[in-house]
Amino acid sequence: MADAVFSTLVEAPAPKSNMGEPVPRYDARAKVTGSALYASDVALPDVAYAFLVTSAIAKGRVRSFDLREARALPGVLDILTHGNIGDAIRPVKFFTEGGPASNSVLPLGSPEIAYGGQTIAVVLANSYEVARDAAHRVLVDYEIDRPSATFASPGAVDQELATQNKKHDDPKVGDFAGAYASSPVTVDVSYSTPAQHHNPIELFATQCSWTGAQLTVHEPSQNVYGIKNGLAAQLGIEPSQIRVVSPYVGGAFGSKGGLTQRTALVAVAARKLGRPVKLVPTREQGFTVATYRSETKHRVRLGASRDGRLQALSHDGFEVTSRPDPYAVAGTDASTRMYACPNIASSVTIVRADRSTPGFMRAPAETPYFFALESAMDELAVALAMDPVELRRVNDTMKDPIKGLPYTSRALIPCFDRAAEAFGWAKRDARPGSMRDADWLVGWGCATSAYPTQMAAASARVSLFPDGTARVETAGHEIGNGLYTVAAQVAAERLGLPVGRVTVLLGDTDLPPAPVAGGSISTASVCSVIAQACDAIRARLSDGTTPTGDLVAALKERGMGSVQEYAEWVPHGAPKGAMGMLYRGAAQPTGGAKLQDRIQFAFGAQFVEVRVHARTREIRVPRIVGAFASGRIMNTRTAHSQYMGGMIWGIGSALHEETEIDANAARYVNTNLADYLVPVNADVVDVEVIMVPEEDSQVNPLGIKGIGEIGIVGTSAAVANAVYHATGQRLRDLPLRIDTLVTGA
Amino acid sequence: MRPFLYDRATSADLAASALATSADAPLVQGRVDAEYLAGGTTLLDLMKLDVMQPARVTDITVLDARHGTITVTDAGLKLGALVKMSAAADHPEIVARYPVLAQSLTLAASAQLRNMATLGGNVLQRTRCNYFRDTSWSACNKRNPGSGCAALDGVNRQHAVLGASEACIATYPGDFAQALMALDATVDIVGAAGPRTIPFAALHRLPGSTPHVETTLAAGDLITGLSVPPGPWTRRSLYLKIRDRQSYEFALASAAVALDLQGGVVRQARIALGGVATTPWRARDAEAALAGKPINEATAADAARIAFAGSKPREHNAYKVALGQRTVVRALLQAATLED
């Protein structure tokens, strides 16, 4: 009933070629009515409350605590510090070095401070209010060392990524230097992007409760098996002693993919108190409790012949990371492979500063690196006096320019053509400042979107019952990606049932493992294994030759109570032992540009109109059009939301978002949602999403490419290119701000 | 949030004398130990952050029957201090006769906040300086007198270029106060010694060397109402607010402008600036420069230059001088085109 009402109220895109039905979200009613229980909603009996005390300095050490006033408050149960936690938590390695940690600093491991906002104490009390009050009364005496905040800060250390991460190899081919020197038209430009924080509305909550030696963790997660196995290593217990439950996640975007310090601390606190413990860090603390996108710098050099064909392309990236952990996104893997070009060079340099370790954030590599690449392409188009769409057209390729491997499919130009037509690009006057509307300068810009098509090993159990219902069980993650819905759809389709007859269980380590919900891999990986399990059911119920039509009838005919199949699926190019790694919570996405025999990406094109006030120079985005080709679309409704969400975030990434860093203190300053700006409804006027039909039988049997991240890629460049078109001012540093436009710098 | 004593006022007089007494002794490091609670949109926020730690909170929302009404007559506008922002913003007479007031309220905060926040509390809203609002920053003269100012050499894009001192560069965050200031409003106050009325322009204090003392209110003083005199400029008035996003953000720069024009020539211009100064800021020299002149690109630019003549930018907020000037010019030119 509710679904029927919902579907009449909300206009959904009609299903098209190679696209699934716009089935309303499986979990829509539960979420809208509030019956969906998120991690902090779960009511545990006799729960105690934790409140974090975080470091006010970025480098140095805690000389001493004065806990007397805090401990004296009625209701305070305990205060954990490095001085009393003992060896309850064992060190584990950073994830690029074979471990599970998103930050290898040992929780409460020593008095040393590695970054501002590091957890230095955990107050435990009978109520949240008392825990918070007591935390404010903890007095800390610090010994302060001068920290390095960011690029070029005294003491920051530059390192070539290849020396710090053995898996990284800088893409290059031909003779860049020679070809660049002899190119008739060149651009040599530098860009920067700021630190950004995901700020999901659901905070980084964790609840832990022990029953004997068994630990249950309620924590919003993009990788429940990763938490289970990593936490077991930290606590020195068997993974089988831990259950991680995360059926709903209120926004993640990469920030809930890793094992953070907090989980082990809450588990230890619960064991020590002998009762469940609940932690909900504040919005401010979320800036350092979890990860973030660190600031980047780029130098892009492009050389082209006068007809626009690229002869030379070089992309040098610079990324800030922490002292202990060599995190890098290394977007040159993608940015060097977008266009036909015989001579390519690239490098990635990481810059170690006294900062928390960065981590994945929606399109981790492509969001900053495509801002640089696609801005530079626009600058090249200007230098060539060529239409920017034509520049992409003449440089289109069906081969990886680095290795010469074929793209499994690539619909970049159809995306540009469809989006350009919908946008009305043909009416653009290319001269900057030429399209004025009264007091507003109008600018139109475009950019390429792309994202590697990746997958990982997955497992699932599917049951078919004689009453005509089915159940899908897999520890995949619903992070707004619509996984409940598409899982139900693929099972319904394969089993020949109405979608409403399928129950889906996700986000629980009692279920068969699924990989991390990151890298846009969930739908392709999880739907593939569900399809496989369904096909096994069909095979069991068939007479050995052809599968029967009505499986429920076949089930009844055979007098079987129910039939259940467990399946494992491993994608093309996965390493040996992929299933074992999946069970250990360490399944690695494979695909994109990492395969030996082919290259696989999804593509898109985005067109943006900006209006810049002629006098006061504020920038507004009245409309944006994106066209994307990502193989088979499982559900046009949820896909529409994902693309649109990515594009809207792209507007925010272009114009609003920036984590401000105090250069002296190396700490974040605007740690709240009033000062860390994201777009509000008034900033998002007209968003048009076009799904360009595409079939790709190679990426996986279902032909799914993954769409979670591509929507944000390229948006910020399209906005910047539009601002240039409106004003004649080229802004190369994100966010694009009024500050530069009014001072003319 | 620390435990506090909560009580409810029964009348403005009694509340003021009660708070004056309780606030006398425990004034520690400039922190007033008692606060009034109205909409709570600033106070509760800052108490949760441990920035404000009043020992006693007196709820005055029960006084709204007496101090929560709007009266518009030919003698001017009277606003009870407990009128909600949304009620004043949507009041048809205010929209028609005092557009600058209505616009400054509509462009502030969000609908939810405007439904809670009162006008008396609004004009006392405290700065959004992050070094003030986060107690982990040890240097903040406003929060902890004598501790220094982390914003001077910190991230100061949002900070003030006018009215700043070496002790504090925190921006006054509100919008409505600029409109009141431009219209020469007055403030009704009940204190321990009884009621009094002061010019709105005399309510806020420049930071100087005592940025923790933000107003001229004495301990226990309670704002009960605001009065706006009539004038030929109130209809030709507007509030222009420039910000990074379209809604729900504090001003990077704003201008409240009211003009009395006769035959295209300025008899009186009123200009108040927001987002750029440590207090609600009246640009009187700029107003004087416009007297007797028409409003055009040249005269407006001249006034804007004068308005920012004394500005002292820091590392990240220099753009506010250029932006503030452009905001004044745009507001003046737009106000000049309004119908009488």
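First the proteins, then the strands, lettered A, B, ... as listed; each starts at 1.
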Self-check item: Criterion side-chain hydrogen bond (donor to acceptor under 3.5 Å, both in side chains) on A:Gln729 and A:Thr740, from CA distance to verdict
Solution: CA-CA 9 Å; A:Gln729 279 174 273; A:Thr740 322; over 6 Å; no
Quiz item: Which residues from residues 127-139 of chain B are near chain A, with near meaning under 4.5 Å between non-hydrogen atoms?
Solution: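 Answer by number: B:Arg128, B:Asn130, B:Tyr131, B:Asp134, B:Ser136, B:Trp137.
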Exercise. Compare every heavy atom of B:Arg314 with every heavy atom of B:Asp153, then report the nearest pair and how far apart it is.
Key: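 Residues B:Asp153 and B:Arg314, closest heavy atoms: OD1-NH2, 3.7 Å.
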Self-check item: Residue selection (most heavy-atom pairs with chain A, distance under 4.5 Å) from B:Val329, B:Asn317, B:Val155
Solution: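 Highest number of pairs under 4.5 Å: B:Val155.
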Quiz item: When heavy-atom pairs shorter than 4.5 Å are enumerated against chain A, which of B:Glu249, B:Gln325, B:Lys320, B:His316 gives the highest number?
Solution: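 Sorted descending by pairs with chain A, the first entry is B:Glu249.
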Relative to chain B, which segment of [X] carries a heavy atom at a distance below 4.5 Å: side chain, backbone, both, or neither?
X	result
A:His136	both
A:Leu673	backbone
A:Ile661	backbone
A:Asp662	both
A:Val140	neither
A:Asn672	side chain

Practice problem: Answer yes when B:Glu297 and A:Arg615 have at least one side-chain N-carboxylate O distance shorter than 4.0 Å, and no when they do not. | Solution: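 Between A:Arg615 and B:Glu297 there is a salt bridge, with a charged N closer than 4.0 Å to a carboxylate O.
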Self-check item: Note: B:Arg126-B:Glu35 ion pair, threshold 4.0 Å (strictly below)
Solution: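 Looking at B:Glu35 together with B:Arg126, the answer is no, because their closest N to O distance does not fall below 4.0 Å.
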Quiz item: A:Ile619 versus A:Ile738: any side-chain heavy-atom pair under 4.5 Å?
Solution: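 Side-chain contact under 4.5 Å: no.
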With only heavy atoms counted, which part of [X] is less than 4.5 Å from chain A, the side chain, the backbone, both or neither?
X	answer
B:Lys48	both
B:Leu49	both
B:Ile242	side chain

Quiz item: Of the listed residues (A:Arg620, A:Glu284, A:Glu129), which shares the most heavy-atom pairs with chain B below a 4.5 Å separation?
Solution: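 Highest number of heavy-atom pairs under 4.5 Å: A:Arg620.
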Self-check item: Option that, when pairs with chain B are counted at under 4.5 Å, heavy atom only, ranks first among A:Thr54, A:Leu73, A:Asn664, A:Asp675
Solution: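 Heavy-atom pairs under 4.5 Å are most numerous for A:Asp675.
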Self-check item: For A:Tyr115, all residues meeting ring pair (Phe, Tyr, Trp, His ring centres under 6.0 Å), sequence neighbours excluded
Solution: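 Once residues adjacent in sequence are excluded, A:Tyr115 has no partner under the ring pair (Phe, Tyr, Trp, His ring centres under 6.0 Å) criterion.
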Quiz prompt | Partners passing side chain to side chain donor-acceptor pair (under 3.5 Å) against B:Thr42 (at least two apart in sequence or in another chain) | solution =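 Result, side chain to side chain donor-acceptor pair (under 3.5 Å) vs B:Thr42: none returned.
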Quiz item: Under 6.0 Å from the CG atom of A:Asp141, do we count more than 12 heavy atoms belonging to anything else shown?
Solution: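 Atom CG in A:Asp141 is crowded, with more than 12 foreign heavy atoms closer than 6.0 Å.
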Self-check item: Ring centre gap for A:Tyr668 and A:Tyr676 strictly below 6.0 Å
Solution: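 Not under 6.0 Å, so no.
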Self-check item: Residues that B:Asp59 engages under side chain to side chain contact (heavy atoms under 4.5 Å, CB included), provided they are two or more places apart
Solution: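 Only B:Tyr6, B:Arg8, B:Leu37, B:Thr61 meet the side chain to side chain contact (heavy atoms under 4.5 Å, CB included) criterion with B:Asp59.
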Quiz item: Hey, are A:Ser653 and A:Gln196 close enough side-chain-wise for a donor-acceptor pair under 3.5 Å?
Solution: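 Per modelled atom types, A:Gln196 and A:Ser653 side chains form a pair under 3.5 Å.
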Quiz item: Do A:His613 and B:Arg326 have a side chain donor and acceptor closer than 3.5 Å?
Solution: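 Their side chains do not contain a donor-acceptor pair, so the 3.5 Å distance test is not met.
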